[in-house]
Number of protein chains: 2
Amino acid sequence: MADGTATRGRRGGGGAARRAERTSTKVDQAGTITRNIPNYEVLDEAALTIIETNADIVLEEIGVAFPENEAALELWRAAGAEIRGDRVHIPKGLARELCKTAPESFTQVARNPARNVTIGGRDLVLAPVYGPPFVRDAEGRRYATMADFEKFVKLGHMSKWLHHSGGTVCEPTDVAVNKRHYDMLLAHMTLTDKPFMGSVTEPSRAQDSVEMCDILFDDGDGTGLNGRTAMISLININSPLTFDSIMMGALEVYARANQACIISPFIVGGAMAPVSVMGTLTQVMAEVMAGVAYSQLVKPGAPAVFGAFVTSIDMNSGAPTFGTPEAAQITYGAGQLARRLNLPFRSAGSFNGSKLPDAQAAYETANSLNAGLLAGVNFMLHSCGWLEGGLVADFEKFVMDADQLGILHKMAKGIAVDPESQAMDALREVGPGGHFLGCAHTQANFKTAFWKSDLLDYKPFETWADEGSRDTRALAAARVDKLLGDYVEPVLDPAKRAALLEYVAQKKASMPDAFM
Amino acid sequence: MADGTATRGRRGGGGAARRAERTSTKVDQAGTITRNIPNYEVLDEAALTIIETNADIVLEEIGVAFPENEAALELWRAAGAEIRGDRVHIPKGLARELCKTAPESFTQVARNPARNVTIGGRDLVLAPVYGPPFVRDAEGRRYATMADFEKFVKLGHMSKWLHHSGGTVCEPTDVAVNKRHYDMLLAHMTLTDKPFMGSVTEPSRAQDSVEMCDILFDDGDGTGLNGRTAMISLININSPLTFDSIMMGALEVYARANQACIISPFIVGGAMAPVSVMGTLTQVMAEVMAGVAYSQLVKPGAPAVFGAFVTSIDMNSGAPTFGTPEAAQITYGAGQLARRLNLPFRSAGSFNGSKLPDAQAAYETANSLNAGLLAGVNFMLHSCGWLEGGLVADFEKFVMDADQLGILHKMAKGIAVDPESQAMDALREVGPGGHFLGCAHTQANFKTAFWKSDLLDYKPFETWADEGSRDTRALAAARVDKLLGDYVEPVLDPAKRAALLEYVAQKKASMPDAFM
């Protein structure tokens, strides 16, 4: 477990320094999660084989579409697929075979090496919400701005349990569409030292992302990234079975630069996939295999992740629904399929359909977070801050969810079984009718025995009432203010900062603003 | 699946009847839950063996206390235990051996046979909150009354996913302590036809409970219960390792009458048990084995349940905490231990420490409900309505939680793998770039494909805002009113009702009010 801490304020010698340290705010970081617990598996061997067989039938007989992408069709043809129009028919077994060159796990580097993450294996990496055009706070709901984006990056930096700064934490709608990726990347590169995601909205913006990483990660010899994976980016599949040329263009840029791509079907069940769990899993399997296989055609060995963003639908209103049993079943099943492909797995998150960070939001979020942990998710995008079906990034919910992520950290450790944990001395010391509060075993272990929320209320009713009868949202609003108040920007080499600013200024000056 | 329905209003013939039926409210009941999914197991064979070995050491070397209960000590002595003072030292293996006569599962009958439940095996029975002295609704928090109690029983009757009416859903503090059990039992017997729990606060009140069941369940031949199990009752252990003589007196009454007892350690970890998970599980195992063994000494074959009410503690304030990772770990582990004893398992519930039915309440509740499902819980007391560490039964949270219980029903069914569920026809029909909303498979399956909340909000933002921007609690308050407005008392034989009222009137007249 990496356990880096930064302290607020400058260090000095003697008593003043010690006083300063006592009053300074530590940015505690909990380190990585490596599961020491079993995965939960709902599908038996027969069901898994049915899905794999059916996915192969889908790829061969129905095929997948790569519209407006002649180069992709040519790569597929050369690999042995049959091309009809823009439809790629992949012979049984070929996609699976091509997936084998993708790594089972990989390291994503951060500019602070203590924040490097492993994606795959038994690790779980937690990243914040991605994509909402709106934000909400105690004042209400409004279009997101770059100022909101920076606040979220700072909150992510300060969040003990969060490993990753994410990508489009919210859409900065006050910046031109063709320029916002520069500002977003600058924020991730300067306001935090956690790892982050690249732009996917145009292949050229993916290229910009790589070039900015070449500046940030250069070791002083001008070789830039030099093969290291410094970004993981979200490549959504246009489900069902369609691989958009813009997304594929971004994938091509990233794969060639050895940057990681999450190949992610984007499915509201019943609309973009069949209404059944088995049918959806079959489609997910087919889509991910085709996407990962394509990344390996572009560059064998490029890191790729088995993604599954799947919700169900309210058949009355057509609205997507979250935290549902079907979503959990698909998450568990997709995890099994990903492991059989030896690929890292992305799924689950702080999903909910509520308009407010209320009980609905929390039930639905907790259902998804719990399923994600036990399903063996390796990269959990949207792990905090999601609201209103992903339309809104909510400041209070961000810190509420980020606090709950501590539970995943603790659960993943499993149960210690050593003699000290067996506590037979305590049982003997206390005996029938006694209490354990003061016994030696409790004194020795109480500080680390129980996970503790940094947010939720455990006070006696009277104290709570005297303090204003605050609900979770009010407590969270105070925590947002506290974390932003305590925020200190991590040190960055001034020359690199200047070079990044210069790169962005030149790029921005070279193009007119575009708003779509 | 039993799927009984009752309709509001009287049935007649012709068009008027059809109109009445269209406008009447059905009391949908979802039927029982039999899991078709695996249990989640966190402990390996080595850890389980350590716990079982250590629990035997606790029983033999430390022993368990049966204070002020000479008859119990005599039973234990005769069974081969060593008695020192009020301490029972149970030789290794004896408690486990005695537990073997307890049934692996049993049927608890309800006065409506369609509401009978199986407790044990792969079944999960859901019962409401138990014990709070306070209630809360939109108006605030106050001492509970009998009127509140009756409202909760009606809400439980109307709750589709709830199998059981529970016991002390709240404490009716406006009724004398020595008489409230009569009113509570009358409410469970008359206002619902779901199964319920017996009184445990005095052995005489357990006896009253049995006698009232003899009236309610008599088949007209005067033999009363005639050996059927019609109640399950909560026998808390005074942890650590102490078996209170009043609770044991109630257990003795129930065991002799073949009524079921939940033998339940009541543990705030760090106070009533060691601060470690392994230590707590060891104590739980020892306590449950001693309690169940004792029930079998009283009457071999009496139904008994392995209970585990376990929370962690906030070591700063001493407050119990809920929905924590340690509580989940203990729930998973205790489930494994219960199955190795071939006993039904009671644990988990809508536990939380929040003062309001807000996000904290929902996160913590969802964490516990999810763990309870996967841990293999057979009887989930407190499955809805719990607030503020069990001090409060909350009306809004009751219906919020009761709605979430639908997720457990759906999850437990597992994933259908038949050809229709594989949906290959749908995948072929729709193909790349299409959508599934109108395809034949969706039309045939959409009504049952996805679990649907009867409470939560899925509406578009604008509709939601127009309707008053209601949070979950406000939606729940409206649902409480709706369910109570739709409530219809299930039919009860007037002679039985009269006999029950007569029994209670005579009993009440025979004793002065007592308020402790």
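Protein chains get the first letters and strands the later ones, always in sequence-line order, with residue 1 at the start of each. Computed from a predicted model, the values in this text were never measured in an experiment.
- Most heavy-atom pairs under 4.5 Å with chain B: of the set A/Ile415, A/Asn370, A/Ile57, this distinction falls to A/Ile415.
- Distance alone, capped at 3.5 Å, places no donor-acceptor pair between the B/Ser421 side chain and the A/Met278 backbone.
- When the candidates B/Arg87, B/Glu61, B/His435 are compared by the number of heavy-atom contacts under 4.5 Å with chain A, B/Arg87 comes out ahead.
- Between A/Ile62 and B/Arg428, the closest side-chain pair of non-hydrogen atoms falls below 4.5 Å.
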* To do: Any chance you could lay out the side-chain contact (heavy atoms from CB on, under 4.5 Å) test for A/Ile37 and B/Gln329, step after step, and finish with the verdict?
  => CA-CA 10 Å; A/Ile37 56 172; B/Gln329 289 169 335; 5.8 Å; no
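- Within the 4.5 Å cutoff, no side-chain heavy atoms of B/Asp471 are placed close to those of A/Lys355.
- Both the backbone and the side chain of A/Thr442 come within less than 4.5 Å of a heavy atom in chain B.
- The closest side-chain heavy-atom distance from A/Trp464 to B/Leu356 is below 4.5 Å.
- Contact of the A/Asn445 side chain with the B/Ser276 side chain is not registered, since no non-hydrogen atoms from C-beta on lie closer than 4.5 Å.
- Here B/Arg473 does not pair with A/Asp358 in a salt bridge; the nearest charged N to carboxylate O distance is not below 4.0 Å.
- Looking only at heavy-atom pairs under 4.5 Å with chain B, the residue among A/Pro240, A/Ala319, A/Ala449 that has the most is A/Pro240.
- Neither the backbone nor the side chain of A/Ser453 comes within contact range of chain B; no heavy atom of the residue lies under 4.5 Å from a heavy atom of that chain.
- For chain A, the nearby parts of B/Val417 are the backbone and the side chain; heavy atoms of each come within less than 4.5 Å.
- Contacts between A/Phe322 and chain B at a heavy-atom distance below 4.5 Å are absent for every atom of the residue.
- Here B/Asp314 contributes atom CG and A/Phe446 contributes atom CZ; the two are 11.0 Å apart, rounded to the nearest 0.5 Å.
- Only the backbone of A/Ala416 comes within contact range of chain B, with heavy atoms under 4.5 Å apart.
- With respect to chain A, the highest number of heavy-atom pairs below 4.5 Å among B/Lys397, B/Arg141, B/Glu388 belongs to B/Arg141.
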* To do: For the pair A/Met424 and B/Val58, evaluate side-chain contact (heavy atoms from CB on, under 4.5 Å) and give the outcome as yes or no after the intermediate values.
  => CA-CA 8 Å; A/Met424 289 298 282; B/Val58 167; 4.0 Å; yes
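- For chain A, no part of B/Phe243 is nearby; none of its heavy atoms comes within less than 4.5 Å.
- Using a distance-only test at 3.5 Å, with no hydrogens or angles considered, a donor-acceptor pair links the side chain of B/Tyr40 to the main chain of A/Pro38.
- Between A/Asp401 and B/Tyr363, the side chains place a donor N or O and an acceptor N or O closer than 3.5 Å (distance only, hydrogens not considered).
- The shortest heavy-atom contact between A/Pro325 and B/Met411 is O-SD, 3.4 Å.
- Using a 4.5 Å cut-off between heavy atoms, B/Pro67 makes no contact with chain A at all.
- The candidate with the highest count of non-hydrogen atom pairs below 4.5 Å against chain A, out of B/Ala366, B/Ala271, B/Ala65, B/Gly353, is B/Ala271.
- Ranking B/Asn238, B/Leu374, B/Leu43 against chain A, the residue ahead of the rest is B/Leu374, based on heavy-atom pairs under 4.5 Å.
- Taking chain B as the reference chain and counting heavy-atom pairs below 4.5 Å, the highest number among A/Gly270, A/Ala47, A/Gly433, A/Gly414 is found for A/Gly270.
- For the set B/Lys459, B/Met400, B/His409, the entry with the most heavy-atom pairs within less than 4.5 Å of chain A is B/Met400.
- Side-chain contact, B/Gln404 with A/Asn367: a donor N or O sits under 3.5 Å from an acceptor N or O.
- Proximity of A/Asp457 to B/Ser354: side-chain heavy atoms (C-beta onward) are nowhere separated by under 4.5 Å.
- Looking only at heavy-atom pairs under 4.5 Å with chain B, the residue among A/Ser317, A/Ala359, A/Gly333, A/Gly279 that has the most is A/Ala359.
- For the pair B/Val275/A/Phe450, a side-chain contact is recorded, criterion being any heavy-atom separation below 4.5 Å from C-beta on.
- Heavy-atom minimum distance, B/Pro432 versus A/Gly63: CG-O, 3.6 Å.
- Of all the listed residues (B/Glu41, B/Lys452, B/Met315, B/Glu326), the one sharing the greatest number of non-hydrogen pairs under 4.5 Å with chain A is B/Glu326.
- A/Ile50 touches chain B through its side chain: at least one heavy atom from C-beta onward sits under 4.5 Å away, while N, CA, C and O do not.
- We find the OG1-NZ distance between B/Thr324 and A/Lys410 to be 8.0 Å, quoted to the nearest 0.5 Å.
- Top candidate by heavy-atom pairs under 4.5 Å with chain B, chosen from A/Leu475, A/Leu437, A/Thr242, is A/Leu437.
- Looking at B/Pro357, only its backbone comes within 4.5 Å of chain A, counting heavy atoms on both sides.
- For B/Leu369, no part sits under 4.5 Å from any heavy atom of chain A, backbone or side chain.
- B/Thr280 does not touch chain A: none of its heavy atoms, backbone or side chain, sits under 4.5 Å away.
- Considering only heavy-atom pairs separated by less than 4.5 Å from chain B, the leading option among A/Val392, A/Ile407, A/Leu281 is A/Ile407.
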